[in-house]
Amino acid sequence: MKKIIIAFVLSTSVLALFACNNSKNESEEILASTKMGAITKEELYEEMKEAIGDDVFENLLLKKAIENEYKISDSEIDEAIEKQKAQYGDEKNFELYLEQNKISNDFFEKQIAFSLLQKKMIASLDEVTDEQIKAEYENMKKEIHAHHILVEDKKTAEEVIGKLKNDGNFEELAKEYSIEPVAQKSGGDLGWFSPGKMVQSFDDVAFSLPENEISEPVQSSFGYHVIKVVESREKELEETLEELQPEIENKLKEKLFNAKLLTLLKNAEIEIKDDSFKKVLDAYPLESKE
């Protein structure tokens with residue numbers, strides 16, 4: 001299942017999508033003429049929007065959410081820009097770098113500024129402790145055998161839970177309700193799996209759920225899950241704690257990062273006006289779909 005991992009650095013081709021001023025007069029500006037007709041800014045915008053618009057829009061929303069809490073001064077930006085430019089030796093080499101990578105000086109400076117915002121956000125996260133690393137290592141020894149029913153909205157998930165609590169058969173309800181294609185054969189059986197194999201919100205609930213209890217609705221980018229753990233067991237790990245420590249630490253930092261990012265997105269009070277972008281934040285469990 002997809003995890004929440006964002007790519008902060010926008011590609012140079014992507015930036016052009018929102019470089020276009022979308023006012024009526026500007027959008028009608030002709031960029032090129034051909035025997036078959038003109039190419040306008042609006043036409044370019046629509047083509048790029050269809051091809052890469054979701055990724056760009058998602059990144060811009062994330063950027064706005066981070067800017068809502070973290071601030072950087074002009075002097076911090078100027079200092080960081082000068083440090084970056086110094087790596088290229090002189091102005092001529094720096095201009096050559098921009099030319100070879102097909103980016104403008106303005107775009108370069110925006111990337112530097114956003115990099116500083118990222119660093120401030122990361123610096124604000126809690127430290128990962130040795131105790132947390134040890135606890136995660138022990139958790140990695142656990143395997144569970146779980147079933148789930150995946151539905152589109154919270155209301156349907158609650159309806160399924162109500163039927164399960166009234167002695168409904170999990171397998172039959174999975175075949176009736178689940179929007180997961182394989183559920184018709186599996187009855188929602190996910191088999192055995194270890195932590196990290198499922199999306200984080202699913203993992204968090206499944207590995208804390210007592211055997212044979214039914215979860216509350218669990219939101220993910222796929223919809224809403226109703227989870228039941230039927231068995232659990234311990235397994236031996238081939239690697240020692242010391243060998244896995246860097247991997248575990250990075251995993252825990254990623255969880256802290258994602259949790260903070262969700263908080264920032266919620267605090268930003270985002271309202272998407274363009275229906276074509278309504279689903280770009282579906283991977284982030286920001287609110288319930290009733």
Kindly indicate whether the side chain of [X], heavy atoms from C-beta on, has any atom under 4.5 Å from the side chain of [Y].
X	Y	result
Val226	Pro217	no
Leu264	Met121	yes
Asn258	Glu254	yes
Ile272	Ile270	yes
Thr40	Leu31	no
Phe277	Lys49	yes
Asp282	Lys279	yes
Glu249	Leu252	no

Lys134 bridged to Asp130 by N-O distance under 4.0 Å:
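The answer is no: the pair does not qualify as a salt bridge.
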
In terms of side-chain geometry, is the basic nitrogen of Lys83 or Glu79 positioned less than 4.0 Å from the acidic oxygen of its partner?
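A salt bridge links Lys83 with Glu79.
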
Short side-chain to backbone donor-acceptor contact, [X] and [Y], under 3.5 Å:
X	Y	result
Asp203	Pro195	no
Asn59	Asp55	yes
Ser178	Lys175	no

Intermediate values then yes/no, salt bridge (charged side-chain N to carboxylate O under 4.0 Å, His left out), Glu159 and Lys155:
CA-CA 6 Å; Glu159 180 182 331; Lys155 183 178 180 181; over 6 Å; no

I want to know whether Phe202 and Phe222 have ring centres closer than 6.0 Å.
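No, the ring centres sit 6.0 Å or more apart.
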
Give the intermediate values and the outcome of salt bridge (charged side-chain N to carboxylate O under 4.0 Å, His left out) for residues Glu76 and Lys120.
CA-CA 12 Å; Glu76 287 178 294; Lys120 285 203 172 185; 3.4 Å; yes

Per the salt bridge (charged side-chain N to carboxylate O under 4.0 Å, His left out) rule, what does the pair list look like for residues 223-240, sequence neighbours excluded?
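Only Glu143-Arg233 qualify under salt bridge (charged side-chain N to carboxylate O under 4.0 Å, His left out).
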
What is the distance from atom [atom1] of [X] to atom [atom2] of [Y], rounded to the nearest 0.5 Å?
X	Y	atom1	atom2	value
Ile144	Ser194	CD1	OG	9.0 Å
Ile122	Leu117	CD1	CG	11.0 Å
Leu241	Ile248	CG	CD1	6.0 Å
Gln111	Gln84	CD	CD	11.0 Å

Students often mix this up, so state it plainly: with edges at 30° and 60°, are the rings of Phe108 and Tyr97 parallel, tilted or perpendicular?
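Ring orientation, 0 to 90° scale: perpendicular.
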
Distance-only polar pair, side chains of [X] and [Y], donor-acceptor under 3.5 Å:
X	Y	value
Tyr177	Lys163	yes
Ser115	Gln118	no
Asp189	His148	no
Ser220	His225	yes
Thr156	Asp153	yes

Which residues pass the side chain to side chain donor-acceptor pair (under 3.5 Å) test with Glu211, sequence neighbours left out?
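Checked Glu211 against side chain to side chain donor-acceptor pair (under 3.5 Å); matches are Ser232.
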
Partners meeting side chain to side chain donor-acceptor pair (under 3.5 Å) with Glu109 (sequence neighbours left out)
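So Glu109 forms a side chain to side chain donor-acceptor pair (under 3.5 Å) with Asn105.
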
With sequence neighbours left out, what residues match Glu138 under salt bridge (charged side-chain N to carboxylate O under 4.0 Å, His left out)?
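Result, salt bridge (charged side-chain N to carboxylate O under 4.0 Å, His left out) vs Glu138: Lys141.
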
Applying salt bridge (charged side-chain N to carboxylate O under 4.0 Å, His left out), name anything that partners Asp167, two or more places apart in sequence or on another chain.
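Per chain and number, Asp167 pairs via salt bridge (charged side-chain N to carboxylate O under 4.0 Å, His left out) with no residue.
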
Tell me whether the count of non-hydrogen atoms from other residues, nucleotides or ligands lying under 6.0 Å of [atom1] in [X] goes above 12.
X	atom1	value
Lys165	NZ	no
Lys260	NZ	yes
Asp274	CG	yes
Lys71	NZ	yes

Salt bridge (charged side-chain N to carboxylate O under 4.0 Å, His left out) between Glu43 and Lys41, worked out:
CA-CA 5 Å; Glu43 186 176 358; Lys41 269 193 175 183; over 6 Å; no

Using ring-ring contact (aromatic ring centres under 6.0 Å, His included) as the criterion, list what pairs up with Tyr70, not counting sequence neighbours.
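For Tyr70 there are no ring-ring contact (aromatic ring centres under 6.0 Å, His included) partners, ignoring immediate neighbours.
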
